[in-house]
Amino acid sequence: MARLFFAIWPPAATAAALCEWAGLVQRSAGGRALDAAAIHLTLAFLGDLEPERAAAAIAAARSVRGVPHVLPVEETKHWPRNDIVWVGPREMPPPLEALASSLAAALAGEGFALERRRFAAHVTLLRKVRVAPRLPPLPQLEWPVEEFSLVRSTLAAGGSRYEIVERFPLRQDAPRI
Ligand code: ATP
Ligand code: MG
């Protein structure tokens, strides 16, 4: 069994910039910042799967057609109900919404029961932030979305560790002439 989810990983420089911003928040408000390598946007959470169900999830993901786009990261929020600080787009980019919903539909077609909650583009940067933090402005960030990934999560001492199992590139459709 493996604990699996689909996610979008930022380019390393973007993750580093987000991690640096999270460090500023942590200095003033405490909490635990994610390592740069762990920063991601979850598209769909699967949970613990047997290998044959993981194969079905991979088959579903291969059938998904999404288009490359850019994720604007401009919103910052602290949620006192679960003590996290997250960042994300102010408005859902339509290609991201389309990607999440076509992945959800493909997974449903393979019999996966996903959460009924509407997809939200949240990138968690800190946990256990128990006081209302002052959230500094975000730096200019580039987050091109050109693929999504199936990721395995394993429990480790300092929090979950993530490993990419398979990548699914997004391809701009060839222009019709
Ligand atoms: P930890 O659970 O160790 O604090 P984590 O939540 O980052 O760390 P996982 O629980 O393996 O690690 O979750 C992987 C990703 O899936 C995270 O982005 C998490 O927010 C998301 N996730 C976890 N459980 C669910 C769920 N029930 N529904 C939707 N998303 C989930
Ligand atoms: Mg969790």
Side-chain angles (χ1 to χ4, degrees), residues 1-12 14-19 21-23 25-26 29-51 53-54 56-58 60-61 64 66 71-73 75-89 92-93 96-131 133 135 138 141 143 145-168:
M1 296 266 274
R3 185 174 172 87
L4 297 169
F5 62 106
F6 287 102
I8 296 170
W9 241 257
T14 305
L18 289 169
C19 189
W21 181 88
V25 177
Q26 186 175 32
R32 211 183 69 217
L34 272 77
D35 290 340
I39 293 172
H40 66 274
L41 170 66
T42 298
L43 278 178
F45 180 76
L46 298 171
D48 288 318
L49 296 189
E50 301 285 358
R53 292 303 287 152
I58 289 170
V64 169
L71 181 74
V73 181
E75 186 81 273
T76 63
K77 279 266 193 302
H78 173 239
W79 273 349
R81 62 179 166 82
N82 56 5
D83 299 328
I84 68 162
V85 169
W86 60 262
V87 299
M92 177 72 74
L96 180 60
E97 172 98 74
L99 173 62
S101 56
S102 71
L103 177 61
L107 289 168
E110 290 285 352
F112 289 95
L114 299 172
E115 313 184 272
R116 298 241 273 314
R117 252 192 310 167
R118 206 186 133 93
F119 169 66
H122 293 164
V123 179
T124 300
L125 294 183
L126 297 118
R127 298 176 193 277
K128 299 183 168 36
V129 178
R130 304 201 212 278
V131 300
L135 297 176
L138 283 165
L141 293 165
W143 187 334
V145 178
E146 279 152 11
E147 62 178 23
F148 67 98
S149 305
L150 180 66
V151 184
R152 181 188 298 120
S153 171
T154 47
L155 274 180
S160 289
R161 268 199 56 234
Y162 308 123
E163 284 165 82
I164 293 188
V165 175
E166 186 152 336
R167 300 171 192 273
F168 305 91

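Only a predicted model underlies this, so the values are computations on that prediction, with no experimental measurement involved. Counting convention: from 1, in listed order, for ligands and their atoms alike.
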Distance from atom 4 (O) of ligand 1 to nearest protein heavy atom, with residue and atom = R127 CZ, 3.9 Å
Ring pair (Phe, Tyr, Trp, His ring centres under 6.0 Å), paired with H40, selected from W143, F148, F5 | F5
Record the part of S160 in heavy-atom contact with ligand 1 below 4.0 Å; permitted values are side chain, backbone, both and neither.
-> both
Which residue holds the protein heavy atom closest to atom 10 (O) of ligand 1, what is that atom called, and what is the gap in Å?
-> R3 NH2, 2.5 Å
E115 heavy atoms within 4.0 Å reach ligand 1 at atoms 28 (N), 29 (C)
Side chain proximity check, I8 to L99, heavy atoms < 4.5 angstrom | yes
When you check the gap from the basic side-chain N to the acidic O, do E97 and R118 get nearer than 4.0 Å?
-> yes
Under 3.5 Å, is there a donor-acceptor pair linking the side chains of T124 and H122?
-> no
Atom 27 (N) of ligand 1: nearest protein contact (heavy atom, Å) | F45 CD2, 3.8 Å
Measure the CZ-CD distance between R167 and E146 for me, rounded to the nearest 0.5 Å.
-> 12.0 Å
If you have a sec, work out which protein heavy atom is nearest atom 7 (O) of ligand 1 and how many Å separate them, to one decimal?
-> Y162 OH, 2.2 Å
With F112, which residues qualify under ring-ring contact (aromatic ring centres under 6.0 Å, His included), at least two apart?
-> none
Specify the protein heavy atom at minimum distance from atom 19 (C) of ligand 1: its residue, its atom name, and the distance to 0.1 Å.
-> T42 OG1, 4.3 Å
